[in-house]
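Structure, as structure tokens:
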Amino acid sequence: MFITLCRIKGGEQVEKIRINSCETHIYRALDEVTAKTENFPDMEKIYTEEELSTVCDYCAQAAIYVVSNT
């Protein structure tokens with residue numbers, strides 16, 4: 001899981017969250033980002049070239065999706 005604090009206008013800090021997820025854990029990733037940000041997250045499919053080296057942040061399976069708040 002990738003979390004970093006970034007400054008936005010007005011000096012307020014916002015967490016930027018990026019979670020790699022397999023098919024099994026996609027709902028967990030969506031729920032986690034939604035709970036932390038109180039907004040619906042973005043969900044992108046990982047394309048074949050990236051899929052080979054990207055693993056799920058919750059298990060050792062290949063990640064299929066990236067869930068983020070950016």
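Heads up: numbering here begins at 1 and tracks the sequence.
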Item to check | Audit row: Asn39, Thr34, side-chain contact (heavy atoms from CB on, under 4.5 Å) steps and yes/no | outcome: CA-CA 5 Å; Asn39 291 312; Thr34 302; over 6 Å; no

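- In this structure a side-chain-to-backbone donor-acceptor pair under 3.5 Å is present from Ser21 to Ile26.
- Glu32 and Tyr58 share a donor-acceptor pair across their side chains, judged by distance under 3.5 Å alone.
- In this structure, Tyr65 OH and Leu30 CG are separated by 9.5 Å, a value rounded to the nearest 0.5 Å.
- For the residue pair Cys22 and Ala62, the shortest heavy atom distance occurs at CB-O, 3.5 Å.
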Item to check | Derivation and outcome, side-chain contact (heavy atoms from CB on, under 4.5 Å), residues Gln61 and Val55 | outcome: CA-CA 6 Å; Gln61 293 183 349; Val55 295; over 6 Å; no

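- In plain terms, the two heavy atoms of Ser68 and Arg18 that are nearest each other are CB-CA, 4.2 Å.
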Item to check | Trace of the side-chain contact (heavy atoms from CB on, under 4.5 Å) decision for Ile46 with Ile64 | outcome: CA-CA 5 Å; Ile46 297 176; Ile64 297 173; 5.9 Å; no

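- Asp57 places no side-chain N or O within 3.5 Å of a backbone atom of Ile19 that could act as its donor or acceptor partner.
- Summarising the geometry of Asp42 relative to Asn69, their closest heavy-atom pair is OD2-C, 4.5 Å, with the distance given to 0.1 Å.
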